[in-house]
Amino acid sequence: MKLNWLIFATGWMSFRALGSGLFLFWTYTGNERSAPSEWIVPFVGDFIIGITAIFLVYYIIKKPSAILWGLLLSWNVVGLLDLIGAINVSFAAPYGPIPEIGFNELTVRSILILNTLLQISCIYLLFQKDIKEYFKKK
């Protein structure tokens, strides 16, 4: 169950690439829905974390190793720091990209907090004995 949660939470982070990619595109093209410039760094961080999540899920399932464990730990810490920065930016430069469907400043912060909790849970799980054993076995 713990391993399944680790895989799910890591895979979930791939959605960060979708959302940030869209918002970066809007900013690049000068769309009226583009984010304030303060959001560029968090979006780039989200995009990198999201793209790498896909590869990490594959390696967790197919090729676990002690090196991958360390990579996952550092990846989750970097992702967590990116999210903390994004939460701070959400107060300094509020952004509601699609208010028509309820995707406003509050929704953005809620998603950031949810992802933060998921990343914290992954960091916690990586230190569980059975998870560490999983990455040592193969």
Side-chain angles (χ1 to χ4, degrees):
M1 189 67 174
K2 292 177 189 176
L3 182 62
N4 289 339
W5 180 258
L6 183 67
I7 291 167
F8 167 77
T10 303
W12 175 266
M13 294 303 154
S14 64
F15 288 110
R16 289 169 70 173
L18 294 174
S20 63
L22 174 65
F23 302 142
L24 283 169
F25 177 75
W26 283 347
T27 300
Y28 178 74
T29 59
N31 188 297
E32 64 187 34
R33 295 187 186 273
S34 65
S37 61
E38 293 89 348
W39 281 92
I40 298 299
V41 172
F43 285 154
V44 170
D46 281 345
F47 190 77
I48 293 168
I49 292 294
I51 292 295
T52 55
I54 298 164
F55 298 101
L56 288 171
V57 166
Y58 171 80
Y59 283 104
I60 292 169
I61 295 168
K62 296 290 185 181
K63 299 179 181 183
S65 67
I67 292 172
L68 180 61
W69 182 91
L71 185 61
L72 274 169
L73 179 61
S74 60
W75 178 84
N76 275 289
V77 169
V78 169
L80 179 62
L81 293 174
D82 177 66
L83 287 165
I84 291 169
I87 291 169
N88 287 334
V89 169
S90 77
F91 287 102
Y95 179 48
I98 315 171
E100 300 87 357
I101 62 168
F103 202 55
N104 55 24
E105 297 91 353
L106 180 60
T107 311
V108 169
R109 280 188 207 114
S110 298
I111 292 169
L112 293 171
I113 291 168
L114 170 68
N115 286 341
T116 299
L117 294 173
L118 288 173
Q119 296 248 231
I120 290 169
S121 73
C122 286
I123 293 168
Y124 171 77
L125 285 176
L126 285 169
F127 288 100
Q128 298 300 302
K129 185 178 179 181
D130 49 344
I131 295 295
K132 287 170 95 175
E133 288 297 319
Y134 174 78
F135 285 98
K136 286 181 184 177
K137 284 182 185 178
K138 300 183 180 184

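Residue numbers count from 1 along this sequence.
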Scan residues 19-34 for pairs that pass salt bridge (Lys or Arg N to Asp or Glu O under 4.0 Å), counting only residues two or more places apart or in two chains.
Arg33-Glu100
Interatomic spacing from CH2 in Trp75 to CG in Leu72 - rounded to 0.5 Å
7.5 Å
For residues Leu83 and Leu117: do they belong to one hydrophobic cluster (side chain heavy atoms under 4.5 Å, members Ile, Leu, Val, Met, Phe, Trp, Tyr)?
yes
OG-OH distance between Ser65 and Tyr134, expressed to the nearest 0.5 angstrom
10.0 Å
Going by side-chain hydrogen bond (donor to acceptor under 3.5 Å, both in side chains), name the residues that satisfy it together with Trp69, two or more places apart in sequence or in a different chain.
none
Counterpart residues, side-chain hydrogen bond (donor to acceptor under 3.5 Å, both in side chains), relative to Trp5 (two or more places apart):
Ser121
In terms of hydrophobic clustering (I, L, V, M, F, W, Y; side-chain heavy atoms under 4.5 Å; direct or indirect links), are Phe25 and Ile48 co-clustered?
yes
Can you list every side chain to side chain donor-acceptor pair (under 3.5 Å) pair that touches residues 107-116, not counting sequence neighbours?
Trp12-Asn115, Ser90-Arg109, Asn104-Thr107
Which residue pairs pass the ring-ring contact (aromatic ring centres under 6.0 Å, His included) test with at least one member in residues 90-124, sequence neighbours excluded?
Phe23-Tyr95, Trp39-Tyr95
If Ile, Leu, Val, Met, Phe, Trp and Tyr residues are connected whenever their side-chain heavy atoms lie under 4.5 Å apart, and connections chain through other members, are Ile84 and Leu106 in the same group?
no
Mind jotting down which residue pairs meet the salt bridge (Lys or Arg N to Asp or Glu O under 4.0 Å) criterion with at least one end in residues 118-131? Sequence neighbours excluded, please.
Lys2-Asp130
Those residues that, when tested against Ile7, pass side-chain contact (heavy atoms from CB on, under 4.5 Å) (two or more places apart):
Leu3, Val57, Ile60, Ile61
Leu71: which residues meet the side-chain contact (heavy atoms from CB on, under 4.5 Å) condition with it, sequence neighbours left out?
Leu56, Leu68, Ser74
Close side-chain approach of Leu73 and Phe127, heavy atoms under 4.5 Å
yes
Would you say Leu80 and Cys122 make side-chain contact, with heavy atoms under 4.5 Å?
no
Residues forming a side-chain hydrogen bond (donor to acceptor under 3.5 Å, both in side chains) with Asn88, sequence neighbours excluded
none
Could you tell me whether Ile67 atom CD1 has more than 12 heavy atoms of other residues or ligands within 6.0 Å of it?
no
Of all heavy-atom pairs between Glu105 and Pro94, which one has the smallest distance, and what is that distance?
CG-CB, 3.4 Å
Ile40: side-chain contact (heavy atoms from CB on, under 4.5 Å) partners, not counting sequence neighbours
Leu24, Thr27, Val44
Can you hop from Phe8 to Tyr58 via hydrophobic side chains spaced under 4.5 Å?
yes
Going hydrophobic residue to hydrophobic residue with side-chain gaps under 4.5 angstrom, can you get from Leu22 over to Val41?
no
Does any non-hydrogen side-chain atom of Ile51 lie less than 4.5 Å from one of Phe47?
yes
Applying side-chain contact (heavy atoms from CB on, under 4.5 Å), can you list everything that pairs with Val78, at least two apart in sequence or on another chain?
Ile49
Can you pull out every salt bridge (Lys or Arg N to Asp or Glu O under 4.0 Å) where at least one residue sits in residues 76-97? Sequence neighbours excluded, please.
Arg16-Asp82
